[in-house]
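Below is one structure, written out as structure tokens, with a few remarks after it.
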Amino acid sequence: MSIVRRVRMICLSTALLVAAAGCGPDPAPAEPVASLPTQAVTQLVADLRRNDLAGYARHALPPELHARLETAWREGRTTWPLTELPLHDRFPTFIAALAAQNAERDLVASFRRQFAGADGELHSAARTLGVFAIQYVRSEAVYSDTERDHHAQLIGAISQWAQTTSLGDSAKGRAAIPQLVSAARATGLAAPDAFAHNGMDRSLRRLGPFVERLKQVLGGYGLDLDAALDSVDATLAEQTGDTARVRIRYQLAGEPVDAYVLVERRQDRWYLSDVLRHAQAEVEAPPRAASAAGQQAAWARAVANRKSAPPRPAAGKVEAAPPAATLPDAGKAESGKAEAGTAEANTPEPAAKAEGSQAGAGKAASAPTPAAAQPAIKPGATSAAPAAAPKPAAAAAAAGPTAAAPPKPR
């Protein structure tokens with residue numbers, strides 16, 4: 001083979017290898033690293049914007065702490081980062097209730113019965129809950145000062161939105177419930193202990209589409225969470241070595257939010273300090289008394305009781321309570337109980353029954369003599385047994401009603 005042909009074959013082989021490599025799957029992109037304090041915020045915001053809860057968990061924690069939380073998930077000891085949400089302990093039962101059999105029919109019926117057209121009551125409840133939630137956040141020791149300020153602004157914005165939107169709109173409710181039901185069933189997390197069985201990473205990946213659908217439902221009520229995430233502006237306020245303070249500003253439901261978050265550097269990566277602290281507390285916490293399975297079972301019982309409960313009476317109608325026992329009847333009942341207690345307290349012992357009955361037959365007679373209280377001597381007996389002392393109950397009965405002590409109250 002000539003040199004020209006050899007060079008031609010080498011070039012052709014190289015071209016084929018390059019083409020084959022280009023047809024293969026693209027290599028996985030490198031995991032982004034928060035090398036600046038502000039990137040610790042923007043990276044997590046981007047994860048939430050993409051509904052990537054598993055990515056949020058990876059980027060929010062160092063690898064070692066992430067692995068420990070994965071183990072804690074599988075042991076049923078935590079559901080972090082869902083614990084960062086309000087009412088996080090109800091989240092598994094929330095998914096189970098939406099995914100239950102006939103959930104769509106039952107929830108629509110419950111909405112019509114309790115919430116349809118009740119915008120005034122719902123707005124008042126939203127205002128009250130907002131006030132109490134802000135007070136709770138400001139007084140709860142688990143939150144840092146920066147968290148208290150940030151959460152108070154969040155709650156205030158959401159409370160203001162809930163007071164203006166039509167939460168009792170029947171058409172919106174009928175459209176929203178089927179969407180949430182189908183999204184909850186698609187997670188595959190409705191079974192008891194499903195969160196622990198799937199672990200943290202897999203459970204969070206399954207919840208991603210549900211969060212996306214929940215955002216869409218809330219958007220129909222005027223709460224655009226994606227728009228709020230897109231408006232986040234993070235700037236460095238101050239930095240001292242491996243710690244820093246980042247200012248975040250954004251718009252939530254038309255309300256401005258201006259707060260600060262603390263960040264810290266670990267192994268050349270920046271993390272949110274409060275998120276690290278909460279995650280560390282979750283992984284070190286003792287096992288909870290009630291598991292997700294127990295909570296789901298409790299929710300199932302509550303749903304069953306709700307089905308069997310009578311419908312709510314119409315507005316303005318109050319069902320009359322059953323009549324209580326009259327005072328004379330109550331007195332008779334108490335008198336009967338007192339008489340029964342007196343008879344039981346004054347019942348003599350078996351050895352003195354005969355003496356008590358004799359004394360009761362003649363109340364006006366005098367007390368029996370000691371000789372009368374002695375037992376009869378059997379025929380043929382050479383000596384008599386010593387007299388038995390009367391027992392207190394028999395002596396009191398023999399003394400007559402005037403000498404008998406009053407019975408003790410039961």
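To the nearest 0.5 Å, the span separating OG1 on Thr71 from NE2 on His66 amounts to 10.5 Å. Atom OH of Tyr136 sits about 10.0 Å away from atom CD1 of Ile155, to the nearest 0.5 Å. Taking CG from Leu48 and CG from Leu53, the interatomic distance works out to 7.0 Å, rounded to the nearest 0.5 Å. Going from atom CZ of Phe195 over to atom OG1 of Thr187 covers 6.5 Å, rounded to the nearest 0.5 Å. Annotation: the span from Leu107 atom CG to Arg174 atom CZ amounts to 14.5 Å, rounded to 0.5 Å. Note that the CG atom of Leu262 and the CG atom of Leu272 stand 8.5 Å from one another [nearest 0.5 Å].
Relative ring orientation between Phe94 and Phe210 is described as perpendicular, the plane-to-plane angle rising above 60° on a 0-90° scale split at 30° and 60°.
Arg245 places no side-chain N or O within 3.5 Å of a backbone atom of Tyr260 that could act as its donor or acceptor partner. Of the possible polar contacts, none joining the Glu212 side chain to the Pro209 backbone as a donor-acceptor pair under 3.5 Å is found. At distances below 3.5 Å, at least one donor-acceptor pair connects side-chain atoms of Thr93 with backbone N or O atoms of Arg90. At least one donor-acceptor pair under 3.5 Å links the side chain of Ser203 to the backbone N or O of Gly199. In this structure a side-chain-to-backbone donor-acceptor pair under 3.5 Å is missing from Trp80 to Leu69. Using modelled atom types, one side-chain atom of His59 and one backbone atom of Gly55 make a donor-acceptor pair closer than 3.5 Å. A donor-acceptor pair is defined here as one N or O able to donate and one able to accept, closer than 3.5 Å; no such pair exists between the side chain of Thr243 and the backbone of Gln239. With Arg148 contributing its side chain and Glu140 its backbone, the two residues share a donor-acceptor pair below 3.5 Å. At distances below 3.5 Å, at least one donor-acceptor pair connects side-chain atoms of Ser139 with backbone N or O atoms of Gln135. Put simply, the side chain of Gln163 gets close to the backbone of Ser159: a donor and an acceptor are under 3.5 Å apart.
A salt bridge does not link Asp268 to Arg265: none of the charged nitrogens lies less than 4.0 Å from a carboxylate oxygen.
Annotation: side chain of Leu218 is not in contact with side chain of Asp224 (no heavy-atom distance under 4.5 Å). No side-chain heavy atom of Thr146 sits less than 4.5 Å from a side-chain heavy atom of Val261. Between Ile248 and His150, the closest side-chain pair of non-hydrogen atoms falls below 4.5 Å. Between Phe111 and Asp106 the shortest side-chain heavy-atom distance does not fall below 4.5 Å. Looking at heavy atoms from C-beta onward, Arg213 lies in side-chain contact with Ser182 at the 4.5 angstrom threshold. Under the 4.5 Å side-chain criterion, counting only non-hydrogen atoms from C-beta, Thr42 is not in contact with Val232. Under the 4.5 Å side-chain criterion, counting only non-hydrogen atoms from C-beta, Tyr56 is not in contact with Leu61. The shortest side-chain heavy-atom distance between Thr38 and Trp270 does not fall under the 4.5 Å cut-off.
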Exercise. Could you go step by step and tell me if Arg247 and Asp233 meet the salt bridge (Lys or Arg N to Asp or Glu O under 4.0 Å) rule?
Worked result: CA-CA 8 Å; Arg247 183 181 183 182; Asp233 178 35; over 6 Å; no
Exercise. Between Arg68 and Glu70, does a salt bridge (Lys or Arg N to Asp or Glu O under 4.0 Å) hold up when you go through it step by step?
Worked result: CA-CA 5 Å; Arg68 293 177 63 191; Glu70 177 69 44; over 6 Å; no
For this session: For Thr128 and Val131, run side-chain contact (heavy atoms from CB on, under 4.5 Å): C-alpha distance rounded to whole Å, both residues' side-chain angles, the deciding distance at 0.1 Å, then the answer.
Result: CA-CA 5 Å; Thr128 303; Val131 172; 5.9 Å; no
Problem set entry | Test log, rule side-chain contact (heavy atoms from CB on, under 4.5 Å), inputs Leu189 and Phe91 | CA-CA 11 Å; Leu189 298 173; Phe91 196 83; over 6 Å; no
For this session: Would you check, one step at a time, whether the test side-chain contact (heavy atoms from CB on, under 4.5 Å) holds for Arg185 with Leu98?
Result: CA-CA 7 Å; Arg185 289 172 178 168; Leu98 287 172; over 6 Å; no
For this session: Dump the intermediate steps for side-chain contact (heavy atoms from CB on, under 4.5 Å) on Arg58 and Asp201, then the final yes or no.
Result: CA-CA 9 Å; Arg58 289 194 311 272; Asp201 186 72; 4.0 Å; yes
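Nearest approach of Ile95 to Ala184, heavy atoms of both residues: O-CB, 4.0 Å. Across every non-hydrogen atom of Ala162 and Ala126, the tightest pair is CB-CB, 3.6 Å.
Of the N and O atoms on the side chains of Asp149 and Gln153, at least one donor lies less than 3.5 Å from an acceptor on the other residue.
With sequence neighbours excluded, the residues satisfying side chain to side chain donor-acceptor pair (under 3.5 Å) with Arg49 are Asp226, Asp230. Judged as a ring-ring contact (aromatic ring centres under 6.0 Å, His included), and not counting sequence neighbours, the contacts of Tyr143 are His151.
Atom CD of Gln267 is surrounded by 12 or fewer heavy atoms from other residues, nucleotides or ligands within 6.0 Å. Remark: His123 NE2 is packed, more than 12 non-hydrogen atoms of other residues, nucleotides or ligands lying under 6.0 Å away.
Here the options are Glu284, Glu282, Arg277, His278, the test is side-chain hydrogen bond (donor to acceptor under 3.5 Å, both in side chains), and the partner is Gln280; only Glu284 passes.
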